[in-house]
Each structure stands twice: as C-alpha cells, then as structure tokens.
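Notes to accompany the following structure.
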Amino acid sequence: MEFQQNSFLTVSNKQLALAHRRLGQCEIAVAIAIAASLGGNPIGAWVIPRSFLIEADGKLRIVVAADSSDRWTLLRTACGSLAELAGFPQVERSLELALIDLQRICGEQSPTIANIATALRVPVEDLQALVLDGTSHLSDHTAVVTVLAVVDTGVAEELRDRREPFDGRDDLRTWLADRNVDADRILTLADEDDLHSMIDKLGVSLAAANVGFRATGLTPLHNRDGHARQFSAYLQQHRAEIHDKLRDRYLAVAERGEPLTDYLRLRDLPDLGPDPKWLDRYWDLSESVLDKHVAGWLDRVSPEPASTTERLPSVKELRDAGHRTAIRATVAARTMVEAWLHRSATSSTQRPREPEAVAAAMASDGSMDFRRLTQAHVIRWLHAHQQWPETMPRETALMNLTEQDLANARERLTRATELQHQASTVTFYGAKKFGHDAVETQAFVDEVRSDVPAEVLATPPQPIALPAAPPGNPGRSGTAGTGGGWRAPTAPPEVTARVGLAGEILVGEWIQHQFGYPPETTWKSRYRRTRFPEDGDDGLGYDFLVNAQDKRILIEVKATVDATLQIALGESEVRRAQTLAADEEYLIAFVTHALDPARRRLHILPNPLAAGGFGFFRVTGRSMRLRFQLPPR
C-alpha cells in the first residue's frame, strides 16, 4: 500500500501500525446476499455495497455477500471494507487488482514477499528493505506504550524511543518481562485499546494516569462530552433547588425594594458549567462534586445567605400559586376598570392586558418569587406598569362599584372580545366541562395534573416492542390496527388543542416521576406557556428534552381522544428524528384517551425513522401518518 500510494499520500508508521492491529482483530462473516429497503421499498442492488463494516462492543466484523467460500473471492469482495478498516479507503480498487494478481501468481500457496513484490510491480529488494527497516510500521507500539505510561513511565519512555524492531510478539513479551512488568497483562490491555477500561482494570486513578500520559508525551484521557452530558443532567434535575437557593440570597434585596436586575440575570445560571480541572481528575462526576461546584458558584455571584429562620416556599410553589392568582386578579381587574371608566365617563388607554400576558410578565420580573401574590399585589403591579387608569383608585373600597356595575362591565367585555363564541365551545375532561378563557384553561391544566394514574407513571421509559406491521400498500390506509382507518379531526380547534395539551401535561408528570426532572426544565413546546412564563418552540421537532447521564432523550408527544393507533409526524419532527447525534435518542410518547381521566394510558413508541423503524408502521395517506399495533397484554 505504501509503495502504491507514495506518489501523493504520506503514510506514517503510526497509521500502518493501527491498520495492522485492526486488521488482525477483524473477522469476516459471509452472507448469501445483502439487501436493503427504505419504508418497505427495496433499494436497487446496484447501489448496495458488496461488503460493510460492523464495529460493536469492541469487536470488528466485515460482512460480505458471496456465493463462494473461496478465500480469494471473499478477500476481493471485502476490499472496500478492508480499505476502510485500515484507514485508506482510497486504495479499494488498487487492493482488489493487486489481490487478483497475487492469486494468479501464488494460487493456493501462502504468498511470499517475492509474490507480493511481483503483484505490486516493485523490486523485491525494496520490499524486503521496507520490512527490515528499523522504523517500519511493525515497530510502532503506541498502544503498549500507552499502557506502560500508567504502569511504569520509565519503561514506557524506553519502548517509545526504541528504534530496533522486535522479532515478533514473543520477542516483545520477553523484552517487557525483562523489565519486571506483567507482559501478558500489558499486551492484553494494549490489544483491547480501551483507555478508560484499562485504567479501571489497573486500579489507577484518572489523575495518576494522566500524569503518566503527559510524562511520556501522550494526550491525556478526558471525558469532555461525558462531563457536558452529566452536568446538563444535573442542572435539569436540580435547577429548581438552585433557583430556591439563589432566590433566598436575594430576599433581603427584594424586601428593601431594590432592583432585582442581578437576580433576574442569574436565574438563567450564566457561566455555570463544568470545571475544566475535572477533566484530569474525574471520568464521571459525582453528586457531591457537582453540589460543591454549584455552592461555590452561588458564593461567587450572589449575596451571602440571609440569616433568617423564616423559610419561604419554593419558587416553583410560589409561581404556580402566583400564576393562578395573577390570572384571576387580572380578569377581575379588567372588569373593575371597565366598570369604573364607564360609570365615571372617563376614557383611558391604561388598561390591564390579557391575563396570561400579565401573569407571564410578573413571573419574568420576579414578582412571584418572593411572596404569595394577592389581588392587591397584582393591582399595584398593574398600576406600576401603566396598565391601570391614573385617576382610578387602587383600593376596591374607594371605587364605589355596585354588583350591577360589575355585571354590566362583564357583559360589555364579553361582547367586545367575542367571548360568547368561546363560551359555547367547551372541552369535557371526564364529566367536567371547561371553557377556553385563561381562568378555565388554568383549571383544565390543574385537573389534568391531578391524580395521574399510577399505571401511567410506572410506564417504562424504554420503547415497547411493537409487532411487525402487516403487509400492504404503504400508500393506502387499509384496515390494520384496532382503531380503524384515519379520521380527520372534526372537533373545534380549541378542543383539538386541549387534547394535545392534556397529552403533554401527562407526559411531563411521567418524566418527573421516571427521571426526577420537573416539567419546567424538560418541557420545550409552546404548550409550556400554560404553566410557565417562558415561551416554548414548536419547531424543534420534539416536545420534551431529558438530559440523562449517558444520553439526551428527545420526546415527541402524540395524543388522541380514543385508542386510534395512528400518529402524524410534521416536517420538523421527521427532520429531527432523522438527524440524531450519537448520544441522542428519539421517542414518541403516545397518549390514548387523553380527555378521559380513568382510561388515559401512555405508550412509549420507537423512532419510526431510525434504522428498521418502518418495520413496525405503515405509511397511510399522502402525509407521514404511521399506523402501528400494540403488543398483546
């Protein structure tokens, strides 16, 4: 290979040593044929490779499609994967031609150096000189040096600087044994080529191992990606606790009426990330290390904790209660303002805005974090934010409004904002009826959250094993499944939206039960606005994000009012489900009977756009609607 490519490619000893080791660890498996399909449709044989490389659980395997067990045939068929495995994919065609020549030259006999030189069309003396060269690829023992760097840096440096080649593996073993190291163990660990596993088996700390790596000129071993994932998972799980501690440190500032600018900025936990010093010391981050790190961050960026015996409710509890109070108080305030302006024949542009907008603004500026809101607090806030007529009293006793004044005002507001239409459109959740204004929406959210069935919360977070989809034309809906054919939604859009909201509320509670992460840290869709002040994003392609210790789980929620086993994927969902990073998993949380408290159930479905995912779904209609079956109970 080096002779064939030296006109345009520089091949290092280390590259060739790695190729030699990987080729030596690989085995070839023979298949009668290789077939591929996408969505049940076969892909033409002319685009399928004759072989492919599988690397899993530390093992290397090349699968070839050949109707003969002849070794030359198998090697020629595997050329593409062999070249890829060696790290030189560009030599695939040259390798195949050289193997054809080599077979013609030596037949069934084992190839000699002279045979190889003839096949490569180079002088045999040049090839012999390369093999005998003291700096040839077979003298590169980086993997062994790496293990020795942890065991004995002196021996590691001696092997690293050695120029003479060893006469085979036994010669290397003897060399190691002469230096009082466990040669068999060193060579076994070197062959495994797994630094983290090697350190664990040797019982050496990561910090000590990195000292050895640096002493011998090697790159230290760091788990940078792992630290990022683990830190994200910690923050997602403990964000509420951190917010509570941060809020407690600013209690005195709030009580003095001083600006909360720093507190509001720190609520996003800026500059709180993994400590780079951890990379040398820890492979995995413990809870105690992370707790200490967060405590140090709080000490650096915020005031000293207040020395008070009074313990405030959690920020989450205050915001939940404050959100409800702000909505109710704003609805009442809008009525009072309308009644007072009408009776006093006064006009004003300073009126309370929509209740949900007021609640969101009060949550954003910290008004809910330090106390339980009352109607008086909300009115005071409205006045301070130019949402209250300047000449109107803020105390209800001074407004002199009668019940008839308020009733007439409510009627006028109803007509002005077309609430009559909304009042005629209701959602039934079980036997209870809910309208679609802000107060009724909050009541609906609370009702769905209450008394989630234990069976739902216990649903395992792993996708269920769906049975294979029945055969049929993927372009037609058919009759497979227990829910019948696809039915276009006939409910008003407000009710349809409530079905999706109920499904996401349920999944948020389930995630908190399974992973310990509250919805405010995992909920990403726009429905989150019904509970939290921040806007979500419906263009992400998923509704919830769970930062687990070892992976990121993207969860898309699909809900139905019955048990129709069918879902529809939008463009952003299809795109995201197809473009996952190595540490990402995409799941579909399918909620049936979303508006029936007693019958609602949760099923975790696999990613239909993952490899083999289409085997459990049928494409129905012209859009990405997927039919599936649940396994028998």
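Across all non-hydrogen atoms, the minimal contact from R160 to T216 is NH1-O, 2.9 Å. Closest of all the heavy-atom pairs between R229 and D550 is NE-O, 3.4 Å. Scanning both residues, V499 and A559, for their nearest heavy atoms gives O-CB, 3.6 Å. For D537 against G539, the heavy-atom pair with the smallest separation is OD1-N, 2.8 Å. Pairing each heavy atom of P274 with each of A228, the nearest pair is CG-CA, 4.4 Å.
Salt bridge status for D543 with R528: absent, with no side-chain N to carboxylate O gap under 4.0 Å. A salt bridge links D280 with R214; the closest basic N to acidic carboxylate O contact falls under 4.0 Å. Electrostatic pairing of D369 and R319 counts as a salt bridge here, judged by a charged N lying under 4.0 Å from a carboxylate O. Comment: E356 does not engage R529 in a salt bridge, judged by the lack of any side-chain N to carboxylate O separation of less than 4.0 angstrom. Salt bridge status for R552 with D583: absent, with no side-chain N to carboxylate O gap under 4.0 Å. Between E556 and K524 no salt bridge is recorded (no basic side-chain N to carboxylate O distance below 4.0 Å). With respect to D191 and R169, a salt bridge is recorded, a charged nitrogen being found less than 4.0 Å from a carboxylate O. Ion pairing between a basic and an acidic side chain is recognised when a charged N comes within 4.0 Å of a carboxylate O; E241 and K316 show no such pairing. Ion pair E509/R531 flagged as a salt bridge, since at least one NZ, NE, NH1 or NH2 atom sits closer than 4.0 Å to an Asp/Glu carboxylate oxygen. With respect to D184 and R173, a salt bridge is recorded, a charged nitrogen being found less than 4.0 Å from a carboxylate O.
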Would R249 and E304 satisfy salt bridge (charged side-chain N to carboxylate O under 4.0 Å, His left out), going step by step from the backbone distance to the final call?
CA-CA 6 Å; R249 288 168 174 256; E304 292 278 337; 5.7 Å; no

Check the pair R576 / E584 against salt bridge (charged side-chain N to carboxylate O under 4.0 Å, His left out), numbers first and verdict last.
CA-CA 11 Å; R576 195 62 181 88; E584 290 181 335; 2.9 Å; yes

R575 vs E571, test: salt bridge (charged side-chain N to carboxylate O under 4.0 Å, His left out). Steps then yes/no.
CA-CA 6 Å; R575 183 172 61 251; E571 179 183 351; 3.7 Å; yes

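Y517 and F544 have their aromatic ring centers separated by at least 6.0 angstrom. Aromatic ring centroids of F616 and F628 lie 6.0 Å or more apart.
Listed by chain and number, the residues in a side-chain hydrogen bond (donor to acceptor under 3.5 Å, both in side chains) with D365 are S367, W381 (sequence neighbours excluded). Every residue two or more places apart in sequence or in another chain was checked for a ring-ring contact (aromatic ring centres under 6.0 Å, His included) with Y542, and none qualifies.
In D535, the CG atom is crowded: over 12 heavy atoms of neighbouring residues, nucleotides or ligands sit closer than 6.0 Å. Surrounding CZ of R324 are more than 12 heavy atoms belonging to other residues, nucleotides or ligands, all under 6.0 Å away.
Inter-residue side-chain proximity for S232 and L235 is flagged as unmet; no heavy-atom pair is nearer than 4.5 Å. A 4.5 Å side-chain heavy-atom check between L554 and L580 finds at least one atom pair inside the cut-off. Contact check for L189 versus V144: no side-chain heavy atoms found under the 4.5 Å cut-off.
Applying the ring pair (Phe, Tyr, Trp, His ring centres under 6.0 Å) rule to pairs touching residues 207-244 yields F231-H293, Y234-H238, sequence neighbours excluded.
Using cut-offs of 30° and 60° for the angle between ring planes, the F166 and W175 rings count as perpendicular.
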